[in-house]
Amino acid sequence: EDHVLNQVVPGSEQQYSWTLGGPVLRDRLHFFGNYEYRPEPRTMTPNTFVPAFNAVTLTGKESMKLATVRLDYQFNPSHRLMAKGNTARYLVPFSDVGANHPANAGTLNESTNNMVLQLTSVLGGNMVNDIKFGPSSFKCKEANLTTWSNHWLKDRGITNGHPRIQFNGFNITGNNNWPRYQLQDIWTLRDDLTMSYEARGRHDLKVGGEVLYAGMTSNNCARC
């Protein structure tokens with residue numbers, strides 16, 4: 001029982017995970033993959049001082065999805081190539097509003113994607129070189145649950161949100177900075193060289209460098 005709402009609020013959570021791996025070509029090419037899914041059905045009831053507003057119950061499913069695929073290829077005893085990609089998806093169907101009007105709720109949708117190629121080479125008997133290259137991206141969207149066909153920015157394609165109604169001590173408002181979109185892309189190239197040598201004992205020397213190219217685009221409504 002929720003002792004604020006004085007009622008039993010449904011709650012549930014599950015988590016599923018699978019992995020699979022093995023050889024494609026014996027002693028040459030191997031693969032590995034995994035997938036994880038976590039759904040959490042949610043129910044939200046506002047707790048305002050107006051009973052009619054509390055009759056609006058929101059139901060939805062918060063979820064997280066994760067996946068990875070990896071391939072390893074052995075050219076010869078001195079050279080190996082690894083390719084890996086992973087992705088993640090996170091969804092929040094609505095935020096909690098507490099004692100606010102249910103129209104204050106918003107949704108969040110995030111995703112990330114990453115890929116990398118890594119070439120590992122044994123150079124002689126005492127040096128190992130690693131070269132890594134790949135992109136990664138992040139996307140985010142936040143928005144109100146409401147839409148308004150007569151939005152004052154409808155000529156720019158924005159209909160997310162609703163008129164903001166404000167009283168003393170109580171507001172029927174959404175987030176006036178939503179909808180908000182963000183996109184980030186990063187490309188990376190990295191090289192690491194490790195050398196072992198003897199000089200009054202065993203020593204490891206590591207040198208390397210990395211180049212990153214990053215770009216970010218962010219759009220959000222201002223006083224919508």
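Every value quoted in this text rests on a predicted model; they were computed, and no experiment measured them.
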Thinking salt bridges, do [X] and [Y] make one under a 4.0 Å N-O criterion?
X: Arg38; Y: Glu40; value: yes
X: Arg42; Y: Asp96; value: yes
X: Lys132; Y: Asp130; value: no
X: Asp72; Y: Arg70; value: yes

- Query: More than 12 heavy atoms of other residues, nucleotides or ligands under 6.0 Å from CE of Met115: is that the case?
  - Reply: no

- Verify the neighbour count for atom CZ of Arg80: are there more than 12 heavy atoms of other residues, nucleotides or ligands below 6.0 Å? no

Donor-acceptor pair, side chain of [X] and main chain of [Y], under 3.5 angstrom:
X: Asn171; Y: Thr173; answer: no
X: Thr107; Y: Ala143; answer: no
X: Asn126; Y: Tyr197; answer: no

- Going hydrophobic residue to hydrophobic residue with side-chain gaps under 4.5 angstrom, can you get from Val50 over to Ile165? yes

- Message: Tell me whether Val116 shares a hydrophobic cluster with Tyr213, the cluster being built from Ile, Leu, Val, Met, Phe, Trp, Tyr side chains joined at under 4.5 Å.
- Response: no

- Query: Are Leu212 and Ile186 side-chain neighbours, meaning at least one heavy-atom pair lies under 4.5 Å?
  - Reply: yes

- 4.5 Å side-chain heavy-atom contact, Leu205 and Met127: no

- Message: Tell me if the centroids of the rings in Tyr16 and Tyr35 come within less than 6.0 Å of each other.
- Response: no

- Any side-chain donor paired with an acceptor under 3.5 Å for Asn129 and Ser121? no

- Task: Evaluate the side chain to side chain donor-acceptor pair (under 3.5 Å) criterion for residues Gln14 and Tyr37: first the C-alpha distance (whole Å), next the side-chain angles of each, then the deciding distance (0.1 Å), finally the verdict.
- Result: CA-CA 8 Å; Gln14 299 83 39; Tyr37 177 46; over 6 Å; no

- Can you spot which of Leu81, Val128, Asp192 makes a side chain to side chain contact (heavy atoms under 4.5 Å, CB included) with Thr120? Val128

- Query: If every non-hydrogen atom of Pro102 is compared with every non-hydrogen atom of Pro46, which pair is closest and at what distance?
  - Reply: CB-CG, 3.8 Å

